[in-house]
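Okay, structure first, notes after.
Start at 1 and go down the list; that is how both ligands and their atoms are numbered.
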Amino acid sequence: MKRDRQNGATVSSPSVVPVPASLEVPQGAPLVLTAEMRLGGDPSAVEAFAALVDARTGRRPEPAGDAQIAFRIAAGGPPESYAITVDATAATVTSPDEAGLFYGAQTLAQLIARQGDEWIIPTVRIQDAPRFAYRGVMLDVARHFFDVDTVKAYIDRAAGLKFNALHLHLSDDQGWRLALTCRPALAERASASAVGGDAGGCYTADDYREIVAHAASRHLIVVPEFDMPGHTHAVGLAYPELAEAPVLRASAGDVDVFGNPHPVAGRAYTGVEVGFSSLKTNDEATYDFVADVFGELAALTPGPYLHFGGDESLATSDDDFSTFVSRVSQLIADLGKTPIAWHEAGSAAQLASGTIGQYWGYTTPTDGMDDKARAFVSNGGQLILSPADAVYLDMKYDDSTPLGLTWANGPTSVRRAYEWEPAQLLDGVGEGDILGVEAPLWSETLRTLDDLDTMAFPRIAAAAEAAWSQAAGTSDERTWDSFRARVGRLGPLWTSLGIRFFASPEIDWATE
Ligand code: TNX
């Protein structure tokens, strides 16, 4: 951390995460946030910034015509980009769109610092724009159910780091989490359970709309997933005629620590094993079901993507998997949505053209997972990168982390979460083949917002930087040493926002 002695006060170099494309610090006195400070311009950016200033300083600036801090739409620059100028008299944020103004507000809030008895924003000039169009977080609401308020809180946290997609993992062996009028038994008979025998739950269509609207107000789309043909034990509780009998396998790794009850057809599954369930892929009734559930989901979802899972379908034969994935990807395309699937679906013979693949292999690919991922690119699609040994936020940080799993070559330190480069992950997959980066948070061991916070923060910030900022190593700022210093300066802001981050010993955390 650079510190300069200036007028007897300690001033830190500005710390922004994800790091902006360009940040200059001209000489000059900072802008002091006085009680009379007024905000102006775009109302939603003003509101977002006022809430952040209130949280950080305990004082809420008011909107006014003669604003010192202004958020204005201005032509020019790519979508979601913004520029900030701060001097001793004023701060101005400009962007071609509202999302960019919102991101400018997030950056400006991160810059607020204590100087003696005052709150200040240092003199800066920033030009910033995202590297990737898709910057996602995933929340698993199937292993444990999270209520609407918790999902909204997680959206707010992600928005603060300039993520623009919330992938909701809405179904798995343990439960189905969205009530659908076309298939009422899913809510009635397949949603009450969760891992460990905990209470389940299910969103109504109105709950889902509320989540979508809240996400949109923070410039995130919702990417809903119904996982299939595997991860579907819960479907069999509601529609037994669609489900194959569970296939028991020798269990591996983490799963033993949970007592790992065996799945039994027709009974709620409360363990954490994967790969034992399958829909009947040769039965037309299954495709009627798939058409119904994705049809209703498409109608509820304004965003362009529907995710149909396709991971770890170990109880489905390769041929059956190929048939199923080919048909379901086409069905989703025919609904006018872009299908997304986990990388295994790349093995399908006739994947709908343009299907997006989500790669969850390691930063050094194993077991041909990279070949499956590349198949999406040859098929006219792009990839979302979620390397499990870097951005799986449910991995333990170290051996002493009470929550989380370790199967993905874990534990996963903050440094490991940071030190990878998207365009160097998979041979033959370059910048233009990458739609973006997503950090999944699986919830086998997680029950509360505090649990989500402690596993996500600070590693979610490393994923944000991979998704938003320029390529790793292209500047002194896009390095672990710089990230480590910058993220440490966000501790007080996160605390003021109620984020229960893990105070990882890898980082020197600022206290005010
Ligand atoms: C793998 S990787 C899964 C999930 C588990 C997660 C736990 C992938 C697409 N699926 O079913 O919840 O590991 O870390």
Is the closest N or O pair between [X] and ligand 1 shorter than 3.5 Å?
| X | value |
| --- | --- |
| Asp140 | no |
| Trp360 | no |
| Trp442 | no |
| Asp172 | no |

Exercise. Would you sort out whether Glu225 and Trp342 count as a side chain to side chain donor-acceptor pair (under 3.5 Å), showing the intermediate values?
Key: CA-CA 11 Å; Glu225 176 187 355; Trp342 298 101; 3.0 Å; yes
Which of the numbered atoms in ligand 1 are below 4.0 angstrom from a heavy atom of [X]?
| X | value |
| --- | --- |
| Asp311 | 8 (C), 9 (C), 10 (N) |
| Asp394 | 7 (C), 14 (O) |
| Leu405 | 7 (C), 14 (O) |
| His231 | 11 (O) |
| Met395 | 14 (O) |
| Trp407 | 1 (C), 6 (C), 7 (C), 13 (O), 14 (O) |

Quiz item: So, for Gln382 and Phe376, which heavy atoms are closest and what is the spacing to 0.1 Å?
Solution: O-CB, 4.3 Å
Quiz prompt | Minimum heavy-atom distance between Ala199 and Ala194, given as atom pair plus value | solution = O-CB, 3.7 Å
Check whether NZ of the Lys or CZ of the Arg [X] lies under 6.0 Å from the centre of the six-membered ring of [Y] and within 45 degrees of that ring's axis.
| X | Y | answer |
| --- | --- | --- |
| Arg183 | Tyr239 | yes |
| Arg459 | Tyr397 | yes |
| Arg327 | Tyr287 | yes |

Protein heavy atom at shortest distance from [atom]:
| atom | answer |
| --- | --- |
| atom 11 (O) of ligand 1 | Arg143 NH2, 2.9 Å |
| atom 2 (S) of ligand 1 | Tyr392 OH, 2.8 Å |
| atom 3 (C) of ligand 1 | Glu312 OE1, 3.4 Å |
| atom 5 (C) of ligand 1 | Glu444 OE2, 3.3 Å |

Self-check item: Pairing of Arg486 and Glu465 as salt bridge, 4.0 angstrom limit
Solution: yes
Quiz item: Taking atom CD of Gln350 as the centre, does the number of heavy atoms from other residues, nucleotides or ligands within less than 6.0 Å exceed 12?
Solution: no
Quiz prompt | Minimum side-chain heavy-atom gap Pro339-Leu306 below 4.5 Å | solution = no
